[in-house]
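Hydrogens, waters and symmetry mates are skipped; everything else that's a heavy atom, side chains included, is used. Just so we're clear, the structure is a prediction, and the values are computed from it rather than from any experiment.
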Amino acid sequence: MNGGPSVWAISPEERDKHDQKFETLSPSMGYVSGEQARKFFLQSGLPASVLAEIWALADMNKDGKMDRLEFSIAMKLIKLKLQGTSLPSALPIIMKQPPVRAPTLSNPTSSLTNPAYGVRPLMPTMGNATLPNGTMGILQPMPAGTLATAYLACFCRRCLSFSSASSSPSVMSPLVSGPSDWSVPHASRLKYRQQFNSLDKQMIGYLTGAMATTMLTQTQLASIWNLADVDKDGKLKAEEFILAMHLVDVAKSGHPLPLTLPTELDSIYPVQFINDKFKANLERGNAELEKRRQTLLEAEKREQERRAQKEREERERREKEAREAEERRRKEEERRLERQRELERQREEERQREIERKEAAQRELERQRKEEWERRRRGELQIKKEQEQDDIIKLKAKKRSLEMELEAVVSGEETLATQHRKSAALTSFKALYPFTARNNEELSFNADDMIEVDETTEREEGWLFGSKQGKIGWFPESYVERVAPSDMANITAAAAAKVPLQSQLSSALEAAKAAGTKSAFTPTHSANPAPSETQGQKVVGNLSAQALCSWTAKTDNHLNFDKDDVIQVLEQQENWWLGELNGERGWFPKTYVTLMGEEESSELLIFQSIKRISQPSALITKFEFVALYTYESPEPGDLTFGEGDTILVSKREGEWWNGSIGDRTGLFPSNYVKPKEADTSSMSGKKKPEIAQVLRAHSSTGPEQLNLENNQLILVLSKNPSGWWLGELQARGKKRQKGWFPASNVKILGSSSGKSTPAPPPGNTLCQVIAIYDYTAANGDEMSFSKGQLINVLDKNDPDWWKGELNGATGLFPTNYVKMTTADCDPSQQWCADLNNLDSMGPQEKKRQGYIHELIQTEERYVEDLQIVLEVFHKPMSESGRVKDAEMAMIFVNWKELMACNTKLLKALRVRKKTGGENMPVQMIGDILAAELSHMQPYIRFCSCQINGAALLQTRIDNEPDFKNFLKKIATDYRCKGMPLSSFLLKPMQRITRYPLHIKNILECTAEGHADRGPLKEALERAEELCQQVNEGVREKENSDRLEWIQNHVQCDGAAENLVFNSLTNCLGPRKLLHSGKMNKVKSNKELWAFLFNDFLLLTHASKQFTSSGPDKLFSNKNNVQLKMYKPPVLLNEVLVKLPDPSSDEPVFHISHIDRVYILKTDNINERTAWVQKIKAASEEFIETEKKKREKAYQARSVKASGIGRLLVTILEATELKACKSNPYCEVTMGAQIFTSRTLNDTLNPKWNFNCQFHIKDLYQDVLCITIFERDQFSPDDFLGRTEVPVATIKKEFENKGPVTRRLLLHEVPTGEVWVRLDLQLFGNK
């Protein structure tokens, strides 16, 4: 102890703190469990081994739990260990003793008699040995005594401090070497009396322990109090105090204290009185202690019962809450399932209702159509009936008049009869090919046969009606050729011995009628026996005939009439009748009319039949075009062709037409073709048309193809090397159709015998390829072909040489001379080099990866085309001086901005592909497309202005031959592939419309629940929205033109020196001009021209005064005014506009921007109101957009995800960034989670040191993306580099290593790197 408290001793204050901590642990039955204590002690930060050692020392009874004393000991040891004190090998004895608290008047024994510590009050015993250094030994427990024993110890601890604090206490020892005189000197007695009086301020005649402690505050010497308190009442009377102070002086003088009070000092109280009083006090003290002990035991028992009840209630409450929570969760799940079922039920009902509505609408439509048809039909029949009745009335009236005139005309009949012999000249045709009739109405003949034809006969297009050797019938016009007039003499001589043609035709028609054949040109009434050629049969009575078709007179004695005319028949010859119509008489073929002597129903049937057949056949509107250039396109859905190919065009809309070549259909640019000139050589006899006969039937797969039936005849119009021919179907009674058909299904008919076409391709064709180069066979087993020909692949076992078929010839050919067709190409074969990896994928994933590869590949080709335009066309045109700068800007518009947009997209796609490995699957692509497509707005400007640029280019080509030759010359570059500049200028429009198709293909092959499905849907929305904006761009042309005018007429300097008005803003999309006009400053009356955009307000002033009556005149191309920027642009997210006094008539308003205020004045109140409202609306829109952007990023971060782990990322710094304006910031993303650092100004080595945390959802899908941008106020932020780290790579390299700092190179930029600290934490239960 050495005169001071031991380091191991526990002070009362510490014990109180320990007890409070002990209570916070909710002890059970006065103990805390080992688990409770362990969790609490671990908060100290000491190692588990040290805490185990402390537990071993503090747990004195080794029962695995701690009471208050053991807990206090452990807390004391932990505190000492934290202060650097080494733990003892054994527990010091002093730590087992409770601390002695100073007694108080109200409860002097409470601190010493607390049964919680398991000890009794301490009293020194007379038999205790003293330590060698004179200090009193450690007090031992003794039986409970009187109330004074409590104060005794307290007094003895302090009585030696009455004198100097530096003096050593005397040793208590047997009175063998003490002073010979123990009596108190008189002087000392007076001094001690004065001290007693000064302490006894209440004049009660004694000092309690509390009063004594104010003087005796040092060493604990209970023996002095024990000797001085003669009556053992726990109080010091005046004499006892003098005695105690005397003993203190004795001890300080170096003399040992007596074990018992010397006789010299024992005269204060009689011995017997002292003993009795001591016993009485001792008994009262024991009784009081016993009473308090019982009270404490009862209180502790009640406390234990209360805690047990509380624990039981708490446990029941927690169980009840758990049950209630489970019940709520179950009910909520039931409600959710019920809502889902209800929603599905509503959707199903809505779908059923929609189907029923469609069916009802269809039925109603059909009913209306049927009613309309019936109504129209009834109307037609009614009109026909009325016409027939009118005709009957007219005929009856005419009959009466004719009977009266019959006698008058008999005299002229002989003359007319002689004139009918001068019949119309018949035309002779010579058969070019043999033709076999397929029914009774057609005429068969062989090659070189002569056929007589009356060309005036009503006929279908492409068919003639004639006779040969007594047989008549219909035959194709393309099978014969007209005989020249020089050969007519021979033909006439050969036909002299034949029966007259008209007689043959009449006989054949009558025979057909008798056989029951129903033909539109077959008479339905039998005629009288034909008279001789020199004698006709005069008609007796009234005989009328109705014209079946129109007839034009060939000679003067012929009668003209139209269809449905009623003719009065006067005389009937074998084939010719004499008739009268409208007062004119003449001869006409009897086959052109029908008699009207039958019933009305028969006449009506004949009329309807004649009307139906006589109508010309409808033709399918298809046009033939010839390719001017070779067109090759990697886009699916495009039609590729070579120069000179014939294309059947089915749809012509805008710049892109729809056509077909064989079985291939698709889109192609209209400026690549020209109309095919009409081939009239076959009709003139210079070139004989080719006729093909169908050998095998063929069913068309599209409207561009012909349906073929066996033995049908086709007029061949064009042949294509791909094996598909263009022809016209020669089928009587059917619509004349033009279309494509396979050449292998027909044979060409020669002049005397047919010549078969090549055999059809074998049935085991694997696919089809297109030749990209000419190839000449070097061996007998090889095959030759030309560029552009279509080859059927039969065998692909050898990867370098395939076996194929072309026009019936088979052989081997090199695979590097051909390419796959769009229809047969398997895109998955192109991107995947590992066949095992390819085989492990499902069909849907194969298609998905193929479409992704196709998107990346076509994007690369498109960017190459953009670069070709700059190098091949833009640069020579600019350097040649043939095109002015303004014209260059009008033709190419913002071509470089397009290049920047797609280059950025391509770089992101390449980084993503490079991250996964070359020719390996790409897991995520939707996020890149969604992000980059939102920055494709430069296409809006280009597509809006491209029409003007194309018109300018075409005008110069048409008017300047020299310029046309110049463009042709530079277009001969091999990279152009024969395409002119106008074709390249169409590619941006073509590309922007392809993005939705690509994304749809990828989305359709992306399974539900795939991590890329959500971003792909967002990307599709962005692509469709972009296309819609492009379509609307034309309507925004006025805004674009005005922005261009501002660009050319406003001089900007300072921060806005490189400001492009007609471009993208930083976050609001395309820049729009919202308002413009003139205003004045109030103070100086300076005239300003203000332009309000959707992101800033620009104030300018004219360098030269001018007048303008409105915005139209201001933006006129004739207005050459030059404006200068008055002040830097005022960003609308930092502006505040207000009216000084709304009720004022002065058109004045204020614009506050940071620390500057503009007081402006307009011409009138209405103009002021317009400016204020539009500035406020634009400012609110700007602020709301930024707010939504921040909220979106915050919501994506704040969503509590139930992932498999988390990734802690610290972006430390970036170094050696690309040279820029030096305002960099960093954007860190993982899927929808996004974090953005602050912007650091004027540095190429920013030190951000910002932290972010990402939730890991899929270890093998999630990718950490770090992108660095440069902040720009007036345009989209510039790209300074991007790097990506898959989470799977972080796990593989850094697992179980804790936080790791890495240096990552920035991709797609020449220089730059970023330092990051990564800490991946995976949840164990996942």
Side-chain angles (χ1 to χ4, degrees), residues 326-378 636-637 650-651 653 658 665-667 699-705 707 823 841-852 855 924-927 929-930 933 993-1032 1192 1195 1199 1201-1202 1231-1232 1257-1258:
E326 180 65 22
E327 183 67 18
R328 286 195 301 271
R329 187 195 64 77
R330 185 183 61 80
K331 291 182 179 179
E332 182 64 26
E333 183 67 18
E334 290 178 355
R335 286 194 295 269
R336 187 185 66 80
L337 293 176
E338 181 64 26
R339 287 195 300 269
Q340 185 176 356
R341 287 193 295 269
E342 179 65 23
L343 184 60
E344 292 176 355
R345 187 163 55 251
Q346 292 177 358
R347 289 176 179 173
E348 181 64 23
E349 292 176 355
E350 183 64 25
R351 188 179 68 84
Q352 292 295 337
R353 287 195 296 269
E354 183 65 22
I355 293 175
E356 292 175 358
R357 284 196 297 270
K358 290 182 179 179
E359 292 177 351
Q362 186 68 21
R363 289 194 300 269
E364 178 64 21
L365 183 60
E366 290 295 334
R367 186 187 63 80
Q368 293 178 0
R369 289 177 178 174
K370 186 176 180 180
E371 291 180 354
E372 180 65 23
W373 181 85
E374 292 177 352
R375 184 171 61 255
R376 188 166 56 249
R377 184 63 178 162
R378 285 194 300 268
S650 59
K651 187 177 183 180
E653 289 185 359
N658 196 311
T665 62
L667 298 173
S699 298
S700 66
T701 58
E704 297 82 9
Q705 299 181 16
N707 272 319
M841 295 182 183
Q844 188 178 15
E845 183 63 20
K846 286 182 182 179
K847 292 182 66 178
R848 168 182 157 81
Q849 294 299 327
Y851 286 130
I852 293 176
L855 171 63
M924 291 282 291
I925 196 172
D927 55 340
L929 294 174
L933 285 175
T993 57
R994 296 291 181 187
Y995 284 124
L997 301 178
H998 284 300
I999 299 174
K1000 283 181 181 178
N1001 291 336
I1002 300 174
L1003 185 60
E1004 289 175 356
C1005 298
T1006 303
E1008 291 288 345
H1010 196 286
D1012 201 23
R1013 190 165 181 86
L1016 280 174
K1017 289 183 178 179
E1018 182 181 358
L1020 180 59
E1021 293 177 358
R1022 297 281 175 84
E1024 292 176 344
E1025 180 182 0
L1026 178 61
C1027 291
Q1028 183 179 2
Q1029 291 175 351
V1030 169
N1031 293 332
E1032 294 176 354
K1192 183 178 180 181
Q1195 290 175 0
V1199 172
S1202 57
K1257 298 180 180 178
D1258 192 320

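- Remark: Leu343 CG to Arg336 CZ distance equals 12.0 Å, nearest 0.5 Å.
- Ala930 and Ala1019 make their closest contact through N-CB, 3.6 Å (heavy atoms, listed as atom of the first residue, atom of the second, distance).
- Here the side chains of Ile852 and Gln849 are in contact, with some heavy-atom distance below 4.5 Å.
- Atoms CG and CD1, on Leu855 and Ile999 in that order, are 7.5 Å from each other to the nearest 0.5 Å.
- Side-chain N/O atoms of Gln1028 and Glu1024 include no donor and acceptor closer than 3.5 Å.
- Applying the salt bridge (Lys or Arg N to Asp or Glu O under 4.0 Å) rule to Glu356 yields no partners; only residues at least two apart in sequence or on another chain are considered.
- The shortest side-chain heavy-atom distance between Glu359 and Gln362 does not fall under the 4.5 Å cut-off.
- The NZ atom of Lys846 sits 13.0 Å away from atom SG of Cys1005, with the distance rounded to the nearest 0.5 Å.
- A salt bridge links Glu350 with Arg353: the closest approach of a Lys/Arg side-chain nitrogen to an acidic carboxylate oxygen falls below 4.0 angstrom.
- Here the rule is side-chain contact (heavy atoms from CB on, under 4.5 Å) with Lys370, and of Gln368, Arg367, Glu374 only Glu374 fits it.
- No donor-acceptor pair closer than 3.5 Å links the side chain of Asp927 to the backbone N or O of Gly1231.
- Taking 4.0 Å as the cut-off between side-chain N and carboxylate O, Arg341 and Glu344 do not count as a salt-bridged pair.
- One finds a salt bridge joining Glu1018 and Arg1022 here, because a Lys/Arg side-chain nitrogen approaches an Asp/Glu carboxylate oxygen to under 4.0 Å.
- Separating the CD atom in Gln844 from the OG1 atom in Thr1006 is a distance of 7.5 Å, to the nearest 0.5 Å.
- Taking the charged nitrogens against the carboxylate oxygens, Glu338 and Arg335 have no contact shorter than 4.0 Å, which rules out a salt bridge.
- For the atom pair CG of Leu997 and OH of Tyr851, the computed distance is 11.0 Å after rounding to the nearest 0.5 Å.
- Within the 4.5 Å cutoff, the side chain of Leu1016 has heavy atoms near those of the Ile925 side chain.
- Taking a cutoff of 4.0 Å between a charged side-chain nitrogen and a carboxylate oxygen, Arg328 and Glu332 do not qualify as a salt bridge.
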- Between Arg1013 and Lys1017, is a side chain to side chain contact (heavy atoms under 4.5 Å, CB included) present by the stated rule, with each step listed? CA-CA 6 Å; Arg1013 190 165 181 86; Lys1017 289 183 178 179; 3.8 Å; yes
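- Pro996 and Cys1027 get closest at one heavy-atom pair: CG-SG, 3.7 Å.
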